Asker: 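One structure, pasted below without further comment.
In this text the structure is predicted, and so the values were computed from the model without any measurement.
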Amino acid sequence: QVQLVESGGGLVQAGGSLRLSCQASGTIYSINVMGWYRQAPGKQRELVADITSGNTRNYADSVRGRFTISRDNAKMAVYLQMNSLNREDTAVYYCNYHIRSLQPSGAYRETDYWGQGTQVTVSS
């Protein structure tokens, strides 16, 4: 079982910056992907960025060049530095922890854990 606690959301003016943090606790797995998703009112949840345990990073086209994802495996934490924010970035941001655990059969068990979400609101 993994628990995720997010922090760093809030109100910010357009052009400003925020840094989101997600602290994980619980069972540690050797293979995992941590990421950030967001959901704006009336829209589906979408991937913002993720990062593998080997530090391979993936970004949505809408945030590439503005957002930076990073992780600290020792602290079991993932961060999202958001720069040049605009009103289209307004959404609830969710931390995601994806686990691939090796089973005795040699197959992987795929498990997702989610944080409760933190509101990011960008104003003019």
Side-chain angles (χ1 to χ4, degrees):
Q1 187 73 28
V2 175
Q3 295 80 45
L4 305 175
V5 179
E6 298 148 313
S7 62
L11 293 166
V12 64
Q13 293 232 328
S17 299
L18 285 174
R19 180 176 171 87
L20 304 183
S21 299
C22 176
Q23 178 66 57
S25 62
T27 304
I28 299 174
Y29 297 91
S30 60
I31 302 175
N32 65 82
V33 178
M34 300 189 73
W36 291 94
Y37 290 71
R38 68 185 181 186
Q39 187 168 22
K43 299 180 65 177
Q44 294 184 349
R45 187 175 299 185
E46 64 177 354
L47 173 68
V48 179
D50 60 24
I51 181 169
T52 70
S53 57
N55 288 322
T56 298
R57 295 168 173 84
N58 180 54
Y59 296 96
D61 289 341
S62 60
V63 307
R64 186 176 291 109
R66 299 188 297 121
F67 292 8
T68 303
I69 190 169
S70 60
R71 65 188 292 165
D72 187 326
N73 292 332
K75 298 180 180 179
M76 295 193 297
V78 63
Y79 311 96
L80 186 68
Q81 179 66 45
M82 304 185 293
N83 298 326
S84 301
L85 287 162
N86 57 63
R87 287 186 291 276
E88 294 181 359
D89 296 316
T90 295
V92 178
Y93 284 70
Y94 297 90
C95 181
N96 170 259
Y97 191 55
H98 182 80
I99 303 296
R100 299 187 186 94
S101 57
L102 186 63
Q103 304 300 294
S105 66
Y108 286 99
R109 176 187 294 172
E110 306 283 347
T111 306
D112 281 290
Y113 298 92
W114 296 91
Q116 76 288 341
T118 184
Q119 177 71 48
V120 172
T121 303
V122 184
S123 63
S124 60

Asker: Of the non-hydrogen atoms in Tyr94 and Gly115, which two are nearest, and what is the gap between them?
Answerer: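 Heavy atoms of Tyr94 and Gly115 come nearest at CD2-O, 3.7 Å.
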Asker: Does some side-chain heavy atom of Leu80 sit less than 4.5 Å from a side-chain heavy atom of Met82?
Answerer: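 Answer yes - side chains close enough.
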Asker: Using 0.5 Å steps for rounding, measure from the CD1 atom of Ile99 to the CZ atom of Arg109.
Answerer: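 Between Ile99 CD1 and Arg109 CZ, I get 11.5 Å after rounding to 0.5 Å.
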Asker: Minimum heavy-atom separation for Leu18 to Gly8, with atom names?
Answerer: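 In terms of heavy atoms, the two residues are closest at CD2-O, 3.8 Å.
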Asker: Identify which one of Ile69, Asp50, Val63 satisfies the side chain to side chain contact (heavy atoms under 4.5 Å, CB included) criterion when paired with Trp36.
Answerer: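 That would be Ile69.
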Asker: Please check if Met34 and Tyr59 belong to a single hydrophobic cluster, counting links between Ile, Leu, Val, Met, Phe, Trp and Tyr side chain heavy atoms closer than 4.5 Å.
Answerer: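 Yes; Tyr59 is reachable from Met34 via cluster members.
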Asker: Keeping the roles fixed (side chain from Arg100, backbone from Tyr108), state whether a donor-acceptor pair exists under 3.5 Å.
Answerer: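 Flag not set: sc Arg100 to bb Tyr108 has no pair under 3.5 Å.
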Asker: Scan the side chains in residues 40-47 for donor-acceptor partners under 3.5 Å anywhere in the protein, sequence neighbours excluded, and list what turns up.
Answerer:
from	atom 1	to	atom 2	distance (Å)
Glu46	OE2	Arg38	NE	2.9
Glu46	OE2	Arg38	NH2	3.4

Asker: So do the side chains of Glu110 and His98 get within less than 4.5 Å of each other, counting heavy atoms only?
Answerer: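 Side chain of Glu110 against side chain of His98, heavy atoms only: contact under 4.5 Å found.
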Asker: Please check: side-chain N/O of Asn73 versus main-chain N/O of Met76, any donor-acceptor pairing under 3.5 Å?
Answerer: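 No.
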Asker: Is it the case that the side chain of Gln103 and the backbone of Ser101 share a donor-acceptor pair, with hydrogens and angles ignored and the cut-off at 3.5 Å?
Answerer: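 Yes, Gln103 side chain to Ser101 backbone: donor-acceptor pair under 3.5 Å.
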Asker: Taking side-chain contact (heavy atoms from CB on, under 4.5 Å) as the definition, give me every residue that meets it alongside Gln3, ordered by chain and number, with sequence neighbours left out.
Answerer: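 Gln1, Ser25.
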Asker: Can you tell me if CZ on Arg57 sees more than 12 non-hydrogen neighbours from other groups inside 6.0 Å?
Answerer: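 Above 12, so yes.
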Asker: Tell me the closest heavy-atom pair linking Gly9 and Leu20, and the distance in Å.
Answerer: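 Looking at all heavy atoms of both residues, the shortest contact is N-CD2, 3.6 Å.
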Asker: Would you mind reporting whether Arg87 and Ser124 have side-chain heavy atoms less than 4.5 Å apart?
Answerer: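 Yes, at least one pair of side-chain atoms sits under 4.5 Å.
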Asker: Is there a side-chain contact between Ser70 and Gln81 in this structure, where contact means two heavy atoms from C-beta onward sitting under 4.5 Å apart?
Answerer: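 In short, these two side chains do not touch, never coming nearer than 4.5 Å.
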Asker: Can you see which heavy atom on Val92 is nearest to which on Gln119, and at what distance?
Answerer: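 Scanning both residues completely, I find the closest heavy atoms to be CG2-OE1, 3.3 Å.
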Asker: Assess the residue pair Tyr79 and Asp72 against the criterion (side chain to side chain contact (heavy atoms under 4.5 Å, CB included)); give the C-alpha distance rounded to whole Å, side-chain angles, the decisive distance to 0.1 Å, and a yes or no.
Answerer: CA-CA 8 Å; Tyr79 311 96; Asp72 187 326; 4.2 Å; yes
Asker: Measure from the side-chain N and O atoms of Gln23 to the backbone N and O of Lys75, and report whether any donor-acceptor pair falls under 3.5 Å.
Answerer: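 Answer holds: yes.
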Asker: Do Val120 and Asp89 have side chains that approach each other closer than 4.5 Å (heavy atoms only, starting at C-beta)?
Answerer: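 Val120 does not reach Asp89 side chain to side chain.
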Asker: Indicate the ring-plane relationship of Tyr113 and Tyr97, choosing parallel, tilted or perpendicular according to the 30° and 60° boundaries.
Answerer: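 Taking Tyr97 first and then Tyr113, their aromatic rings sit tilted (interplane angle of 30° to 60°).
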Asker: Going by the disulfide bond (SG atoms under 2.5 Å apart) test, which pairs reach into residues 74-124, not counting sequence neighbours?
Answerer: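 Residue pairs passing disulfide bond (SG atoms under 2.5 Å apart), neighbours aside: Cys22-Cys95.
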Asker: Would you confirm whether Arg66, through its side chain, and Ser84, through its main-chain N or O, come within 3.5 Å as a donor-acceptor pair?
Answerer: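 Yes; judged by distance alone, with no hydrogens or angles, the pair exists.
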Asker: Would you indicate whether the side-chain heavy atoms of Thr121 and Val12 approach each other to under 4.5 Å?
Answerer: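 In short, these two side chains do not touch, never coming nearer than 4.5 Å.
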Asker: Tell me, do Ile51 and Asn58 make a side-chain contact under 4.5 Å, heavy atoms counted?
Answerer: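 No. Closest side-chain heavy atoms not under 4.5 Å.
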Asker: Any idea how Tyr93 and Phe67 line up, ring-wise: parallel (<30°), tilted (30 to 60°), or perpendicular (>60°)?
Answerer: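 The rings of Tyr93 and Phe67 sit tilted, inter-plane angle from 30° to 60°.
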Asker: Can a side-chain donor-acceptor contact be found between Arg71 and Asn32 if the only test is distance below 3.5 angstrom?
Answerer: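 A pair is found: one side chain offers a donor N or O, the other an acceptor, under 3.5 Å apart.
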